[in-house]
Protein chains: 2
Amino acid sequence: MDRPNIILDIAERRMRQAGYNAVSYRDIASEIGIKSASLHYHFPKKEDLGVALVQRYSENFFAAVKQNTSELKTPQDKIKAFASIFNSELKDQNLVCLCAVLGAEAAGLPEGVTHEVKSFFDRNVLWLTAQYEAYGHADPVSKAKITLSLLEGAMMISAVNDDNSIFDAAVSSIL
Amino acid sequence: MDRPNIILDIAERRMRQAGYNAVSYRDIASEIGIKSASLHYHFPKKEDLGVALVQRYSENFFAAVKQNTSELKTPQDKIKAFASIFNSELKDQNLVCLCAVLGAEAAGLPEGVTHEVKSFFDRNVLWLTAQYEAYGHADPVSKAKITLSLLEGAMMISAVNDDNSIFDAAVSSIL
DNA sequence: AGATATCTATCTACTACTAGATAGATTGGC
DNA sequence: GCCAATCTATCTAGTAGTAGATAGATATCT
């Protein structure tokens, strides 16, 4: 894999565990085995790293959504598949959605990072809205926001308690 | 007000905006107009401050729950009142639940702080479970966890988008 | 030669935290 | 009432360590 993606992998894991400010160039560099100064070659400012990280996360996520839902027929099945993308990393690595973590710290993040987090949520609401529209829901936009809120909140609480059943219960309650 | 509570007020506001690691003794001290060393007299370690903060938050929250629900009859009304405690600070200060923020960073927090965050969630689930039991819900514990997840998630997303209607929609969907 | 990626070495600013002193208020013994 | 002891809350001055960031040299590959 190329260096930028190796850097982002490490940054992503750490940020999803402990937040933006808990991740340092020094820590990332020492895990790779290079000097922290070298990281600034790839990501001059920490904000650049944060922005790239959320962008990559968002693109990977929606690539997975596309792949895992393309052969499904009903909106219900698609939404379950959508939720199970979040679930896979939660259950075997106890990792919450990157944007759930960054969203919680949003008021203290560099502007560019906060903007990307918002964009991720927007894209999620858009995708979910389309499903609820297809399902014939009365207010698909509100329902989409509610579903996203539930999933993000359930991930966070599941991770804190290291108890995946909370997320499972949340998914079962959707629709 | 006494000094410890003044310190905790400032720490609470900042932590609910930007997270645990974004709050420094220096910043708190300079806002009060004393030296950071003086803060260590009241809270020797940052973990002590974090623990005291979550404990105070939890106690204040459940005092408000008790006060705002004591004269209400139905579990539905009580749960709405419960949600509106979260909502009041969200809508006029854009402040998320302290434990939603700290929960997102839980894996990187001092052990004592994480423990208090868990306790807060436990207490919430307990309280909500009692309401759903009174309501005759089939699985009151799961329902309680789902409701808490929804509220915490909706607060976070509402704050990021500075759009209170997301939280309102979430509250309307409960029960 | 040029581009890519890393290095060394350094900087400034900030982090939590501590030691030891001080001023002022409070408490208890005689 | 007076004195000594203690407590409260702050200060100055400092520790060691970490933060993100930069300049400029070096190595490697095409």
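Protein chains get the first letters and strands the later ones, always in sequence-line order, with residue 1 at the start of each.
Atom pair A:F43:CZ and C:dA5:P shows a separation of 11 Å (rounding to whole Å applied). A:I28 places its CD1 atom 14 Å from the C1' atom of D:dA21, with the value rounded to the nearest Å. Between the C1' atom of D:dC11 and the OH atom of B:Y25 lies a distance of 17 Å, rounded to the nearest Å. To the nearest angstrom, C1' of C:dT6 lies 14 Å from CD1 of A:I6. One atom, CD of B:E47, and another, P of C:dT15, lie 19 Å apart when rounded to the nearest Å. Residue B:L39 contributes atom CG, which lies 17 Å from atom P of D:dT8 at whole-angstrom precision. Atom NZ of A:K45 and atom P of D:dA19 are 18 Å apart (whole Å). The CG-C1' distance, from A:D2 to C:dT4, rounds to 13 Å in whole Å.
Centroid-to-centroid, the aromatic rings of A:F167 and A:F86 stay 6.0 Å apart or farther.
Judged by a 6.0 Å distance limit and a 45° cone about the ring axis, A:K78 is not positioned over the six-membered ring of A:Y135.
One finds no side-chain N or O of A:S24 lying less than 4.0 angstrom from the OP1 or OP2 phosphate oxygen of D:dT18. Contact check, B:R3 against D:dT10: a side-chain N or O comes under 4.0 Å of OP1 or OP2.
Residue B:A37 places its side chain closer to D:dA13 than to any other of D:dG20, C:dT6, D:dA13. Closest to the side chain of B:H40, out of C:dT18, C:dA5, D:dT10, is C:dT18. Closest to the side chain of A:S36, from the set D:dA21, C:dT15, C:dT6, is D:dA21. In this structure, the nucleotide among D:dT10, D:dA21, C:dA16 sitting nearest to the side chain of A:K46 is D:dA21.
B:K35 comes within contact range of at least one nucleobase, with a heavy-atom separation under 4.0 Å. Residue B:Y41 is classed as a base contact, given a heavy-atom separation below 4.0 Å to a base. Within 4.0 Å of A:R26, counting heavy atoms only, lies at least one base atom of the nucleic acid. B:S38 comes within 4.0 angstrom of a base, heavy atoms only.
Electrostatic pairing of A:D9 and A:R56 counts as a salt bridge here, judged by a charged N lying under 4.0 Å from a carboxylate O.
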Go through B:D168 and B:N87 one step at a time and tell me if the side-chain contact (heavy atoms from CB on, under 4.5 Å) criterion holds.
CA-CA 8 Å; B:D168 292 334; B:N87 196 25; 3.6 Å; yes
Mind listing the side-chain donor-acceptor pairs of residues 126-134 of chain A below 3.5 Å, one per line with the distance, residues two or more places apart or on another chain?
residue, atom, partner, partner atom, Å
A:T129, OG1, A:V125, O, 2.5
A:Q131, NE2, A:W127, O, 3.2
A:Y132, OH, A:T147, OG1, 2.6

